Protein chains: 2
Amino acid sequence: MEMAYGPDQPVMRPLFAQIEERLVERLTAGEWKPGMALPSEVEFAEYYNVSPGTVRKAIARMADNQLVVRFRGKGTFVASQTTERERSRFFHMYRDDGAKELPESRPVSCRNRLADREEAARLVLALGAEVTVIERLRVIGGAPRAFETIIIAERMFPGLREQVGRQLPNELYPFYETQFGIRVVRAEEKLKAVRASAREAEVLAVADGAPLLEIDRLAMTYGDVPVEWRCTRCDTAAHFYRSELR
Amino acid sequence: MEMAYGPDQPVMRPLFAQIEERLVERLTAGEWKPGMALPSEVEFAEYYNVSPGTVRKAIARMADNQLVVRFRGKGTFVASQTTERERSRFFHMYRDDGAKELPESRPVSCRNRLADREEAARLVLALGAEVTVIERLRVIGGAPRAFETIIIAERMFPGLREQVGRQLPNELYPFYETQFGIRVVRAEEKLKAVRASAREAEVLAVADGAPLLEIDRLAMTYGDVPVEWRCTRCDTAAHFYRSELR
DNA sequence: GAGTGGTCTAGACCACTGT
DNA sequence: CAGTGGTCTAGACCACTCT
(Lines give C-alpha, C1' and ligand atoms only; values in the text may rest on other atoms or scores of the structure.)
Protein backbone atom coordinates (compact mmCIF):
# COMPACT_ATOMS: atom_id res chain seq x y z
CA MET A 1 0.00 0.00 0.00
CA GLU A 2 1.19 3.42 -0.97
CA MET A 3 2.28 5.68 1.90
CA ALA A 4 -0.26 8.29 2.85
CA TYR A 5 2.18 10.89 4.04
CA GLY A 6 5.90 11.49 3.97
CA PRO A 7 8.30 13.98 2.46
CA ASP A 8 9.35 11.64 -0.35
CA GLN A 9 5.82 11.07 -1.54
CA PRO A 10 4.27 13.86 -3.59
CA VAL A 11 1.01 11.90 -3.71
CA MET A 12 -1.06 12.64 -0.64
CA ARG A 13 -4.40 11.08 -1.43
CA PRO A 14 -5.85 9.85 1.84
CA LEU A 15 -5.38 6.18 2.54
CA PHE A 16 -9.11 5.53 2.83
CA ALA A 17 -9.66 7.05 -0.62
CA GLN A 18 -7.03 4.75 -2.10
CA ILE A 19 -8.64 1.76 -0.43
CA GLU A 20 -12.05 2.84 -1.73
CA GLU A 21 -10.66 3.19 -5.23
CA ARG A 22 -9.19 -0.29 -5.15
CA LEU A 23 -12.36 -1.82 -3.82
CA VAL A 24 -14.43 -0.13 -6.53
CA GLU A 25 -11.99 -1.46 -9.11
CA ARG A 26 -12.43 -4.96 -7.79
CA LEU A 27 -16.20 -4.46 -7.80
CA THR A 28 -16.03 -3.25 -11.39
CA ALA A 29 -13.94 -6.24 -12.38
CA GLY A 30 -16.76 -8.43 -11.12
CA GLU A 31 -14.83 -10.00 -8.26
CA TRP A 32 -18.00 -9.90 -6.17
CA LYS A 33 -21.38 -10.20 -7.88
CA PRO A 34 -24.49 -8.23 -6.88
CA GLY A 35 -26.00 -9.68 -3.72
CA MET A 36 -22.75 -11.36 -2.67
CA ALA A 37 -21.03 -10.68 0.63
CA LEU A 38 -17.72 -8.86 0.64
CA PRO A 39 -14.89 -9.92 2.95
CA SER A 40 -15.13 -8.39 6.41
CA GLU A 41 -13.50 -5.16 7.52
CA VAL A 42 -10.77 -6.98 9.47
CA GLU A 43 -9.90 -9.15 6.49
CA PHE A 44 -9.50 -6.09 4.28
CA ALA A 45 -7.53 -4.34 7.00
CA GLU A 46 -5.08 -7.24 7.20
CA TYR A 47 -4.90 -7.60 3.43
CA TYR A 48 -4.17 -3.93 2.80
CA ASN A 49 -2.16 -3.63 6.02
CA VAL A 50 -4.07 -0.65 7.38
CA SER A 51 -6.13 0.03 10.46
CA PRO A 52 -9.72 -1.31 10.51
CA GLY A 53 -10.97 2.27 10.89
CA THR A 54 -9.45 3.20 7.57
CA VAL A 55 -11.11 0.31 5.77
CA ARG A 56 -14.29 1.19 7.57
CA LYS A 57 -14.28 4.73 6.20
CA ALA A 58 -13.66 3.48 2.66
CA ILE A 59 -16.56 1.03 2.80
CA ALA A 60 -18.79 3.62 4.47
CA ARG A 61 -18.32 5.87 1.45
CA MET A 62 -19.18 3.03 -0.89
CA ALA A 63 -22.32 2.49 1.17
CA ASP A 64 -23.13 6.22 0.87
CA ASN A 65 -22.80 5.88 -2.90
CA GLN A 66 -25.09 2.86 -2.69
CA LEU A 67 -22.52 0.54 -4.21
CA VAL A 68 -22.78 -1.77 -1.21
CA VAL A 69 -25.27 -2.35 1.59
CA ARG A 70 -24.25 -3.12 5.13
CA PHE A 71 -26.10 -5.14 7.77
CA ARG A 72 -24.96 -5.29 11.35
CA GLY A 73 -24.16 -8.82 12.38
CA LYS A 74 -24.36 -10.12 8.81
CA GLY A 75 -21.85 -8.38 6.62
CA THR A 76 -21.39 -6.07 3.63
CA PHE A 77 -23.09 -6.99 0.37
CA VAL A 78 -22.83 -5.73 -3.19
CA ALA A 79 -25.92 -3.62 -3.84
CA SER A 80 -28.39 -5.22 -6.20
CA GLN A 81 -31.04 -3.65 -8.40
CA THR A 82 -33.22 -6.66 -7.72
CA THR A 83 -34.16 -5.66 -4.18
CA GLU A 84 -37.52 -4.05 -3.63
CA ARG A 85 -36.02 -0.82 -2.39
CA GLU A 86 -33.70 -0.48 -5.38
CA ARG A 87 -36.33 -1.16 -8.02
CA SER A 88 -37.88 2.29 -7.69
CA ARG A 89 -34.62 4.13 -7.09
CA PHE A 90 -34.46 5.64 -10.56
CA PHE A 91 -38.18 6.11 -10.98
CA HIS A 92 -39.31 9.57 -9.85
CA MET A 93 -42.91 9.81 -11.03
CA TYR A 94 -45.66 10.02 -8.43
CA ARG A 95 -49.42 10.12 -8.69
CA ASP A 96 -50.90 13.51 -7.84
CA ASP A 97 -52.06 12.08 -4.51
CA GLY A 98 -48.41 11.40 -3.64
CA ALA A 99 -48.42 7.62 -4.12
CA LYS A 100 -45.65 5.97 -6.07
CA GLU A 101 -46.80 3.24 -8.40
CA LEU A 102 -44.33 1.39 -10.59
CA PRO A 103 -45.47 1.19 -14.21
CA GLU A 104 -45.96 -1.86 -16.37
CA SER A 105 -44.46 -1.92 -19.83
CA ARG A 106 -45.95 -2.69 -23.22
CA PRO A 107 -43.27 -3.27 -25.85
CA VAL A 108 -43.69 -1.42 -29.12
CA SER A 109 -40.55 -2.30 -31.03
CA CYS A 110 -37.01 -3.60 -30.63
CA ARG A 111 -34.46 -3.47 -33.39
CA ASN A 112 -30.74 -3.10 -34.02
CA ARG A 113 -29.11 -0.46 -36.18
CA LEU A 114 -26.00 1.69 -36.41
CA ALA A 115 -25.52 4.53 -33.92
CA ASP A 116 -25.89 8.04 -35.25
CA ARG A 117 -23.54 10.80 -34.17
CA GLU A 118 -25.46 11.88 -31.10
CA GLU A 119 -26.03 8.35 -29.87
CA ALA A 120 -22.36 7.53 -30.29
CA ALA A 121 -21.38 10.68 -28.41
CA ARG A 122 -23.74 10.06 -25.50
CA LEU A 123 -22.81 6.40 -25.09
CA VAL A 124 -19.13 6.98 -25.93
CA LEU A 125 -19.17 4.59 -28.87
CA ALA A 126 -17.28 4.48 -32.14
CA LEU A 127 -19.28 6.14 -34.88
CA GLY A 128 -21.34 3.47 -36.60
CA ALA A 129 -21.23 1.02 -33.70
CA GLU A 130 -24.28 -1.21 -33.44
CA VAL A 131 -27.00 -0.20 -30.99
CA THR A 132 -30.19 -1.83 -29.83
CA VAL A 133 -33.21 0.47 -29.84
CA ILE A 134 -36.26 -0.37 -27.76
CA GLU A 135 -39.53 1.51 -27.87
CA ARG A 136 -42.15 0.82 -25.26
CA LEU A 137 -45.22 2.22 -23.63
CA ARG A 138 -45.34 2.62 -19.87
CA VAL A 139 -48.69 1.92 -18.31
CA ILE A 140 -49.74 3.12 -14.87
CA GLY A 141 -53.05 2.04 -13.39
CA GLY A 142 -54.16 0.59 -16.71
CA ALA A 143 -53.63 3.81 -18.68
CA PRO A 144 -50.67 4.47 -20.99
CA ARG A 145 -48.76 7.38 -19.44
CA ALA A 146 -45.41 7.54 -21.21
CA PHE A 147 -43.66 6.63 -24.41
CA GLU A 148 -40.08 5.52 -23.94
CA THR A 149 -37.16 5.11 -26.31
CA ILE A 150 -34.14 3.20 -25.01
CA ILE A 151 -30.77 3.03 -26.71
CA ILE A 152 -27.96 0.70 -25.60
CA ALA A 153 -24.76 -0.52 -27.18
CA GLU A 154 -25.21 -3.97 -28.71
CA ARG A 155 -21.70 -4.84 -27.71
CA MET A 156 -22.44 -4.23 -24.04
CA PHE A 157 -25.67 -6.26 -24.18
CA PRO A 158 -24.85 -8.87 -26.84
CA GLY A 159 -27.81 -10.72 -28.24
CA LEU A 160 -30.35 -8.84 -26.16
CA ARG A 161 -32.66 -8.33 -29.08
CA GLU A 162 -32.66 -11.95 -30.19
CA GLN A 163 -32.71 -13.24 -26.64
CA VAL A 164 -35.78 -11.44 -25.42
CA GLY A 165 -37.62 -10.33 -28.54
CA ARG A 166 -40.82 -8.76 -27.34
CA GLN A 167 -40.68 -10.32 -23.89
CA LEU A 168 -38.89 -7.54 -22.03
CA PRO A 169 -39.39 -7.32 -18.27
CA ASN A 170 -41.02 -4.25 -16.74
CA GLU A 171 -37.84 -3.08 -15.12
CA LEU A 172 -34.73 -3.19 -17.23
CA TYR A 173 -32.02 -2.47 -14.68
CA PRO A 174 -32.44 -5.70 -12.70
CA PHE A 175 -32.46 -7.43 -16.08
CA TYR A 176 -29.23 -5.74 -17.17
CA GLU A 177 -27.73 -6.81 -13.88
CA THR A 178 -28.73 -10.47 -13.84
CA GLN A 179 -28.38 -11.17 -17.55
CA PHE A 180 -25.38 -9.03 -18.47
CA GLY A 181 -23.68 -8.31 -15.16
CA ILE A 182 -24.03 -4.57 -15.66
CA ARG A 183 -25.21 -2.55 -12.70
CA VAL A 184 -26.56 0.99 -13.06
CA VAL A 185 -25.22 3.04 -10.16
CA ARG A 186 -26.09 6.60 -11.16
CA ALA A 187 -28.02 8.60 -13.74
CA GLU A 188 -28.31 12.14 -15.06
CA GLU A 189 -31.59 13.48 -16.33
CA LYS A 190 -32.48 16.51 -18.43
CA LEU A 191 -36.12 17.59 -18.26
CA LYS A 192 -38.08 19.66 -20.73
CA ALA A 193 -41.68 20.40 -21.55
CA VAL A 194 -42.47 19.42 -25.14
CA ARG A 195 -45.41 19.00 -27.48
CA ALA A 196 -46.71 15.51 -28.12
CA SER A 197 -46.14 14.31 -31.68
CA ALA A 198 -49.08 12.91 -33.60
CA ARG A 199 -47.90 9.39 -32.88
CA GLU A 200 -47.39 10.06 -29.17
CA ALA A 201 -50.76 11.76 -28.91
CA GLU A 202 -52.39 8.69 -30.37
CA VAL A 203 -50.76 6.05 -28.17
CA LEU A 204 -51.03 8.15 -25.01
CA ALA A 205 -54.60 9.20 -25.78
CA VAL A 206 -53.91 12.91 -25.38
CA ALA A 207 -54.68 15.81 -27.67
CA ASP A 208 -52.32 16.43 -30.55
CA GLY A 209 -49.65 18.89 -29.39
CA ALA A 210 -50.49 18.33 -25.72
CA PRO A 211 -47.68 19.15 -23.29
CA LEU A 212 -45.51 16.19 -22.28
CA LEU A 213 -42.67 16.00 -19.80
CA GLU A 214 -39.57 14.78 -21.58
CA ILE A 215 -37.04 12.99 -19.40
CA ASP A 216 -33.72 12.47 -21.14
CA ARG A 217 -31.68 10.09 -19.01
CA LEU A 218 -28.13 8.86 -19.27
CA ALA A 219 -27.54 5.89 -16.95
CA MET A 220 -24.02 5.07 -15.77
CA THR A 221 -22.29 2.08 -14.25
CA TYR A 222 -19.14 2.05 -12.10
CA GLY A 223 -16.62 4.70 -13.07
CA ASP A 224 -19.26 6.86 -14.77
CA VAL A 225 -19.25 4.67 -17.84
CA PRO A 226 -22.48 5.35 -19.76
CA VAL A 227 -24.68 2.31 -20.20
CA GLU A 228 -28.05 3.43 -21.48
CA TRP A 229 -29.61 6.48 -23.07
CA ARG A 230 -33.31 6.68 -22.45
CA CYS A 231 -35.85 9.29 -23.49
CA THR A 232 -39.24 9.14 -21.80
CA ARG A 233 -42.12 11.41 -22.75
CA CYS A 234 -44.73 11.48 -20.01
CA ASP A 235 -48.30 12.63 -19.74
CA THR A 236 -48.28 14.60 -16.48
CA ALA A 237 -52.03 15.20 -16.29
CA ALA A 238 -52.29 13.03 -13.18
CA HIS A 239 -48.64 12.55 -12.23
CA PHE A 240 -45.60 14.63 -11.34
CA TYR A 241 -41.84 14.24 -11.27
CA ARG A 242 -40.37 14.63 -7.80
CA SER A 243 -36.99 16.21 -7.21
CA GLU A 244 -35.34 16.79 -3.88
CA LEU A 245 -32.84 19.64 -3.50
CA ARG A 246 -30.30 19.54 -0.69
CA MET B 1 -25.16 14.27 28.30
CA GLU B 2 -27.45 11.29 28.12
CA MET B 3 -25.77 7.90 28.30
CA ALA B 4 -25.39 6.18 24.97
CA TYR B 5 -25.54 2.63 26.24
CA GLY B 6 -26.44 0.85 29.44
CA PRO B 7 -29.10 -1.58 30.64
CA ASP B 8 -31.09 1.10 32.46
CA GLN B 9 -31.41 3.33 29.42
CA PRO B 10 -33.98 2.25 26.85
CA VAL B 11 -32.85 5.13 24.62
CA MET B 12 -29.91 4.09 22.50
CA ARG B 13 -29.56 6.92 20.03
CA PRO B 14 -25.89 7.22 19.21
CA LEU B 15 -24.04 9.95 21.05
CA PHE B 16 -22.96 11.69 17.86
CA ALA B 17 -26.62 11.89 16.75
CA GLN B 18 -27.57 13.49 20.05
CA ILE B 19 -24.75 15.99 19.71
CA GLU B 20 -25.80 16.75 16.15
CA GLU B 21 -29.37 17.31 17.26
CA ARG B 22 -28.31 19.74 19.95
CA LEU B 23 -26.05 21.65 17.61
CA VAL B 24 -28.82 21.96 15.03
CA GLU B 25 -31.12 23.22 17.78
CA ARG B 26 -28.59 25.87 18.72
CA LEU B 27 -28.21 26.76 15.04
CA THR B 28 -31.97 27.05 14.69
CA ALA B 29 -32.17 29.25 17.76
CA GLY B 30 -29.79 31.61 16.03
CA GLU B 31 -26.90 31.20 18.43
CA TRP B 32 -24.52 31.46 15.49
CA LYS B 33 -25.48 33.53 12.48
CA PRO B 34 -24.75 32.56 8.84
CA GLY B 35 -21.10 33.13 8.04
CA MET B 36 -20.04 33.01 11.70
CA ALA B 37 -17.48 30.57 13.03
CA LEU B 38 -18.63 27.84 15.41
CA PRO B 39 -16.54 26.89 18.44
CA SER B 40 -13.84 24.34 17.64
CA GLU B 41 -14.21 20.59 17.94
CA VAL B 42 -12.21 20.43 21.14
CA GLU B 43 -14.31 23.13 22.76
CA PHE B 44 -17.49 21.22 21.96
CA ALA B 45 -15.89 17.98 23.13
CA GLU B 46 -15.08 19.53 26.51
CA TYR B 47 -18.45 21.23 26.78
CA TYR B 48 -20.43 18.06 26.06
CA ASN B 49 -17.86 15.87 27.82
CA VAL B 50 -17.36 13.48 24.93
CA SER B 51 -14.44 12.46 22.78
CA PRO B 52 -13.37 14.81 19.97
CA GLY B 53 -14.07 12.08 17.46
CA THR B 54 -17.71 12.01 18.47
CA VAL B 55 -18.12 15.74 18.04
CA ARG B 56 -16.28 15.41 14.77
CA LYS B 57 -18.76 12.91 13.42
CA ALA B 58 -21.71 15.10 14.45
CA ILE B 59 -20.28 18.16 12.71
CA ALA B 60 -19.29 16.08 9.67
CA ARG B 61 -22.93 15.15 9.21
CA MET B 62 -23.98 18.78 9.49
CA ALA B 63 -21.42 19.55 6.81
CA ASP B 64 -22.88 16.77 4.63
CA ASN B 65 -26.28 18.38 5.05
CA GLN B 66 -24.70 21.69 4.08
CA LEU B 67 -25.68 23.35 7.33
CA VAL B 68 -22.05 24.28 8.00
CA VAL B 69 -18.88 24.58 5.95
CA ARG B 70 -15.48 23.52 7.24
CA PHE B 71 -12.07 24.89 6.30
CA ARG B 72 -8.88 23.25 7.45
CA GLY B 73 -6.81 25.59 9.54
CA LYS B 74 -9.63 28.12 9.83
CA GLY B 75 -12.65 26.58 11.46
CA THR B 76 -16.27 25.61 10.99
CA PHE B 77 -18.72 28.24 9.72
CA VAL B 78 -22.48 28.43 9.46
CA ALA B 79 -23.35 27.96 5.79
CA SER B 80 -24.58 31.10 4.11
CA GLN B 81 -26.73 31.54 1.03
CA THR B 82 -24.70 34.60 0.18
CA THR B 83 -21.63 32.70 -1.01
CA GLU B 84 -21.17 32.28 -4.73
CA ARG B 85 -21.39 28.52 -4.57
CA GLU B 86 -24.62 28.59 -2.59
CA ARG B 87 -26.39 31.09 -4.79
CA SER B 88 -27.06 28.57 -7.55
CA ARG B 89 -27.65 25.62 -5.24
CA PHE B 90 -31.42 25.63 -5.73
CA PHE B 91 -31.36 26.68 -9.36
CA HIS B 92 -31.34 23.71 -11.70
CA MET B 93 -31.91 25.21 -15.14
CA TYR B 94 -29.15 24.99 -17.73
CA ARG B 95 -28.79 26.31 -21.24
CA ASP B 96 -28.95 23.59 -23.89
CA ASP B 97 -25.20 23.96 -24.36
CA GLY B 98 -24.76 22.92 -20.71
CA ALA B 99 -23.88 26.33 -19.26
CA LYS B 100 -25.54 27.52 -16.10
CA GLU B 101 -26.56 31.15 -16.17
CA LEU B 102 -28.33 32.72 -13.20
CA PRO B 103 -31.40 34.69 -14.24
CA GLU B 104 -32.25 38.29 -13.56
CA SER B 105 -35.66 39.18 -12.22
CA ARG B 106 -38.28 41.66 -13.34
CA PRO B 107 -40.94 42.23 -10.70
CA VAL B 108 -44.53 42.08 -11.86
CA SER B 109 -46.51 42.46 -8.67
CA CYS B 110 -46.25 42.18 -4.90
CA ARG B 111 -49.25 42.25 -2.62
CA ASN B 112 -50.58 40.89 0.65
CA ARG B 113 -53.77 38.89 1.08
CA LEU B 114 -55.24 36.08 3.13
CA ALA B 115 -54.04 32.52 2.53
CA ASP B 116 -56.43 30.15 0.82
CA ARG B 117 -56.78 26.57 1.96
CA GLU B 118 -54.03 25.11 -0.19
CA GLU B 119 -51.55 27.85 0.66
CA ALA B 120 -52.25 27.43 4.36
CA ALA B 121 -51.78 23.68 4.09
CA ARG B 122 -48.52 23.92 2.19
CA LEU B 123 -46.99 26.54 4.46
CA VAL B 124 -48.57 25.10 7.64
CA LEU B 125 -50.43 28.31 8.47
CA ALA B 126 -53.70 28.99 10.18
CA LEU B 127 -56.50 29.33 7.67
CA GLY B 128 -56.81 32.98 6.76
CA ALA B 129 -53.29 33.93 7.85
CA GLU B 130 -51.77 36.77 5.89
CA VAL B 131 -49.42 35.91 3.03
CA THR B 132 -47.25 37.96 0.74
CA VAL B 133 -47.57 37.06 -2.93
CA ILE B 134 -44.87 38.04 -5.39
CA GLU B 135 -45.09 37.63 -9.13
CA ARG B 136 -42.02 38.13 -11.24
CA LEU B 137 -40.49 37.37 -14.58
CA ARG B 138 -37.15 35.61 -14.77
CA VAL B 139 -34.92 36.77 -17.56
CA ILE B 140 -31.99 34.78 -18.94
CA GLY B 141 -29.71 36.29 -21.56
CA GLY B 142 -32.07 39.20 -22.08
CA ALA B 143 -35.09 37.03 -22.86
CA PRO B 144 -37.94 36.32 -20.43
CA ARG B 145 -37.87 32.59 -19.77
CA ALA B 146 -40.08 31.95 -16.77
CA PHE B 147 -43.01 33.35 -14.86
CA GLU B 148 -42.79 32.88 -11.13
CA THR B 149 -45.31 33.12 -8.31
CA ILE B 150 -43.94 33.19 -4.76
CA ILE B 151 -45.99 32.82 -1.61
CA ILE B 152 -44.61 33.38 1.89
CA ALA B 153 -46.15 33.93 5.29
CA GLU B 154 -46.28 37.61 6.18
CA ARG B 155 -45.61 36.75 9.79
CA MET B 156 -42.33 35.06 8.92
CA PHE B 157 -41.22 37.98 6.72
CA PRO B 158 -42.89 40.95 8.44
CA GLY B 159 -43.07 44.10 6.39
CA LEU B 160 -41.36 42.58 3.37
CA ARG B 161 -43.86 44.10 0.99
CA GLU B 162 -43.64 47.63 2.36
CA GLN B 163 -39.90 47.37 2.87
CA VAL B 164 -38.91 46.43 -0.64
CA GLY B 165 -41.88 47.29 -2.81
CA ARG B 166 -40.78 46.67 -6.35
CA GLN B 167 -37.08 46.59 -5.55
CA LEU B 168 -36.64 42.87 -4.95
CA PRO B 169 -33.17 41.40 -5.44
CA ASN B 170 -32.57 38.75 -8.10
CA GLU B 171 -32.01 36.00 -5.58
CA LEU B 172 -34.43 35.84 -2.71
CA TYR B 173 -32.76 33.26 -0.46
CA PRO B 174 -29.75 35.43 0.46
CA PHE B 175 -32.24 38.22 1.04
CA TYR B 176 -34.37 36.07 3.35
CA GLU B 177 -31.21 35.19 5.21
CA THR B 178 -29.72 38.63 5.69
CA GLN B 179 -32.95 40.56 6.24
CA PHE B 180 -35.05 38.04 8.15
CA GLY B 181 -32.53 35.54 9.51
CA ILE B 182 -34.24 32.66 7.73
CA ARG B 183 -32.03 30.20 5.90
CA VAL B 184 -33.37 27.79 3.29
CA VAL B 185 -31.64 24.45 3.78
CA ARG B 186 -33.66 22.10 1.58
CA ALA B 187 -36.44 22.07 -1.00
CA GLU B 188 -38.83 19.67 -2.65
CA GLU B 189 -39.96 20.16 -6.22
CA LYS B 190 -42.81 18.69 -8.25
CA LEU B 191 -42.43 18.99 -12.00
CA LYS B 192 -45.10 18.86 -14.67
CA ALA B 193 -45.53 19.81 -18.30
CA VAL B 194 -48.36 22.31 -18.70
CA ARG B 195 -49.89 24.60 -21.31
CA ALA B 196 -49.03 28.29 -21.16
CA SER B 197 -51.96 30.47 -20.23
CA ALA B 198 -52.78 33.43 -22.43
CA ARG B 199 -51.08 35.76 -19.97
CA GLU B 200 -47.96 33.57 -19.70
CA ALA B 201 -47.77 33.19 -23.46
CA GLU B 202 -47.79 36.94 -23.80
CA VAL B 203 -45.10 37.78 -21.25
CA LEU B 204 -42.89 34.85 -22.24
CA ALA B 205 -43.35 35.52 -25.96
CA VAL B 206 -44.40 31.97 -26.74
CA ALA B 207 -47.43 30.64 -28.63
CA ASP B 208 -50.68 30.40 -26.75
CA GLY B 209 -50.91 26.94 -25.20
CA ALA B 210 -47.19 26.27 -25.70
CA PRO B 211 -45.69 23.65 -23.38
CA LEU B 212 -44.09 25.02 -20.22
CA LEU B 213 -42.20 23.24 -17.48
CA GLU B 214 -43.94 23.89 -14.18
CA ILE B 215 -41.72 23.67 -11.12
CA ASP B 216 -43.69 23.63 -7.89
CA ARG B 217 -41.23 24.13 -5.03
CA LEU B 218 -41.60 24.04 -1.29
CA ALA B 219 -38.53 25.46 0.43
CA MET B 220 -37.71 24.48 4.02
CA THR B 221 -35.55 25.84 6.80
CA TYR B 222 -34.06 23.93 9.75
CA GLY B 223 -36.29 21.15 11.03
CA ASP B 224 -38.20 20.89 7.74
CA VAL B 225 -40.27 23.96 8.56
CA PRO B 226 -41.74 25.24 5.27
CA VAL B 227 -40.73 28.79 4.39
CA GLU B 228 -41.76 29.51 0.83
CA TRP B 229 -44.04 28.05 -1.80
CA ARG B 230 -42.93 28.93 -5.28
CA CYS B 231 -44.37 28.00 -8.65
CA THR B 232 -42.21 28.65 -11.70
CA ARG B 233 -43.41 28.10 -15.25
CA CYS B 234 -40.49 27.90 -17.64
CA ASP B 235 -40.04 28.06 -21.36
CA THR B 236 -37.72 25.11 -22.05
CA ALA B 237 -37.15 25.84 -25.72
CA ALA B 238 -33.48 26.58 -25.08
CA HIS B 239 -33.03 25.33 -21.50
CA PHE B 240 -33.44 22.15 -19.50
CA TYR B 241 -33.86 21.15 -15.87
CA ARG B 242 -31.05 18.97 -14.61
CA SER B 243 -31.60 16.20 -12.09
CA GLU B 244 -29.01 13.84 -10.73
CA LEU B 245 -30.08 10.40 -9.52
CA ARG B 246 -27.87 8.49 -7.11
C1' DG C 1 -19.74 -18.50 21.01
C1' DA C 2 -17.67 -16.63 17.04
C1' DG C 3 -18.14 -13.23 13.66
C1' DT C 4 -20.17 -9.13 11.78
C1' DG C 5 -20.79 -4.09 11.53
C1' DG C 6 -21.62 0.33 14.73
C1' DT C 7 -20.01 3.40 18.31
C1' DC C 8 -16.79 5.63 21.34
C1' DT C 9 -12.39 6.71 23.14
C1' DA C 10 -7.52 8.48 23.22
C1' DG C 11 -3.69 9.85 21.14
C1' DA C 12 -0.59 10.75 17.28
C1' DC C 13 0.76 13.25 13.30
C1' DC C 14 -0.36 16.07 9.22
C1' DA C 15 -1.80 20.33 6.39
C1' DC C 16 -3.22 24.72 6.58
C1' DT C 17 -4.34 29.44 8.60
C1' DG C 18 -3.63 33.11 11.31
C1' DT C 19 -0.45 35.92 14.38
C1' DC D 1 3.96 29.88 16.87
C1' DA D 2 -0.65 28.13 18.49
C1' DG D 3 -5.00 26.76 16.76
C1' DT D 4 -7.88 24.67 13.32
C1' DG D 5 -9.76 20.69 10.82
C1' DG D 6 -8.24 15.99 8.38
C1' DT D 7 -6.26 11.44 8.71
C1' DC D 8 -4.72 7.26 10.85
C1' DT D 9 -4.09 4.11 14.52
C1' DA D 10 -5.36 0.84 18.36
C1' DG D 11 -8.34 -0.89 21.37
C1' DA D 12 -12.69 -1.30 23.85
C1' DC D 13 -17.46 -2.39 24.11
C1' DC D 14 -22.03 -2.87 21.99
C1' DA D 15 -25.98 -4.91 19.05
C1' DC D 16 -27.04 -8.22 16.05
C1' DT D 17 -26.88 -12.79 13.26
C1' DC D 18 -25.81 -17.35 12.49
C1' DT D 19 -24.40 -21.83 13.89
Side-chain angles (χ1 to χ4, degrees), chain A residues 1-23 32 35-79, chain B residues 1-23 27 32 35-79 83:
Chain A
M1 175 77 359
E2 181 184 331
M3 288 297 291
Y5 297 110
D8 306 335
Q9 294 284 353
V11 177
M12 284 178 284
R13 286 225 317 141
L15 254 185
F16 72 82
Q18 298 174 40
I19 304 276
E20 182 190 2
E21 190 179 359
R22 297 198 180 204
L23 294 183
W32 310 290
M36 270 182 60
L38 267 63
S40 73
E41 293 177 1
V42 287
E43 288 180 85
F44 278 133
E46 285 163 8
Y47 179 78
Y48 287 117
N49 197 25
V50 297
S51 154
T54 302
V55 168
R56 177 158 193 73
K57 191 161 182 177
I59 300 184
R61 286 167 58 104
M62 294 168 69
D64 283 345
N65 292 334
Q66 309 192 65
L67 300 187
V68 297
V69 189
R70 323 193 76 183
F71 300 100
R72 175 163 44 179
K74 297 178 70 175
T76 302
F77 300 82
V78 183
Chain B
M1 175 77 4
E2 181 184 333
M3 288 296 291
Y5 298 111
D8 306 337
Q9 294 284 352
V11 178
M12 286 180 282
R13 287 229 310 143
L15 255 184
F16 72 82
Q18 298 174 41
I19 304 274
E20 182 189 4
E21 190 180 358
R22 296 199 181 204
L23 293 183
L27 215 52
W32 310 290
M36 271 182 58
L38 267 61
S40 71
E41 293 176 1
V42 287
E43 288 180 84
F44 278 132
E46 285 163 8
Y47 179 77
Y48 287 117
N49 196 26
V50 297
S51 153
T54 302
V55 167
R56 178 159 192 71
K57 190 159 182 178
I59 301 182
R61 286 167 58 104
M62 294 168 70
D64 283 346
N65 293 335
Q66 308 192 63
L67 300 187
V68 297
V69 189
R70 323 194 75 182
F71 299 101
R72 177 164 43 180
K74 298 179 72 175
T76 302
F77 300 82
V78 183
T83 62

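No experiment lies behind these values; they were computed from the predicted model shown. Here is how names work: the chains are called A, B, and so on, in the same order as the sequence lines, proteins then strands, and each is numbered from 1.
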Dot-bracket assigned to DNA chain C with the 3.5 Å Watson-Crick/G-U criterion, [ ] for crossing and | for other-strand pairs, is ||||||||||||||||||.

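A 4.5 Å side-chain heavy-atom check between B/E20 and B/K57 finds every atom pair outside the cut-off. Taking the side chain as every heavy atom from C-beta outward, B/F16 and B/R61 approach each other to under 4.5 Å. Between B/F44 and B/L23, the closest side-chain pair of non-hydrogen atoms falls below 4.5 Å.
Between B/T76 and D/dT4, a side-chain N or O to OP1/OP2 separation shorter than 4.0 Å is absent. Look at A/T54 and you'll find a side-chain N or O under 4.0 angstrom from OP1 or OP2 of D/dT9. Contact annotation: B/S51 side-chain N/O to C/dC8 OP1/OP2 distance is not under 4.0 Å. Between A/K57 and the phosphate of D/dC8, there is no side-chain N or O to OP1/OP2 separation shorter than 4.0 Å.
Comparing D/dG6, C/dC8, C/dT4 by their closest approach to the side chain of B/E41 singles out D/dG6. Residue B/F16 places its side chain closer to C/dT7 than to any other of D/dT9, C/dT9, C/dT7. When the nucleotides C/dT7, D/dT9, D/dG6 are ranked by their closest atom to the side chain of B/R56, D/dG6 comes out on top. Of the candidate nucleotides C/dG6, D/dC8, D/dT4, D/dT4 has the atom lying nearest to any side-chain atom of B/V42.
Spacing between atom CZ of A/F77 and atom C1' of D/dC16 amounts to 13 Å, rounded to whole angstrom units.
Proximity of a side-chain donor or acceptor of B/E46 to a complementary backbone N or O of B/E43 within less than 3.5 Å is not detected. Proximity of a side-chain donor or acceptor of A/Q18 to a complementary backbone N or O of A/R13 within less than 3.5 Å is detected.
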Exercise for review: Walk me through it: do B/L67 and B/V78 pass the test side-chain contact (heavy atoms from CB on, under 4.5 Å)?
Suggested key: CA-CA 6 Å; B/L67 300 187; B/V78 183; over 6 Å; no

- Message: B/E41 vs B/R70, test: side-chain contact (heavy atoms from CB on, under 4.5 Å). Steps then yes/no.
- Response: CA-CA 11 Å; B/E41 293 176 1; B/R70 323 194 75 182; 2.7 Å; yes

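Nearest-nucleotide positions on DNA chain D place B/S40 closer to the 5' end than the other of B/S40 and A/P52.
We find the CE-CG distance between B/M62 and B/L38 to be 6.5 Å, quoted to the nearest 0.5 Å.
The two residues B/P39 and B/W32 come nearest to each other via the heavy atoms CD-NE1, 3.7 Å.
Residues from residues 60-75 of chain B with heavy atoms under 4.0 angstrom of DNA chain C, sorted by number: B/R72, B/G73, B/K74.
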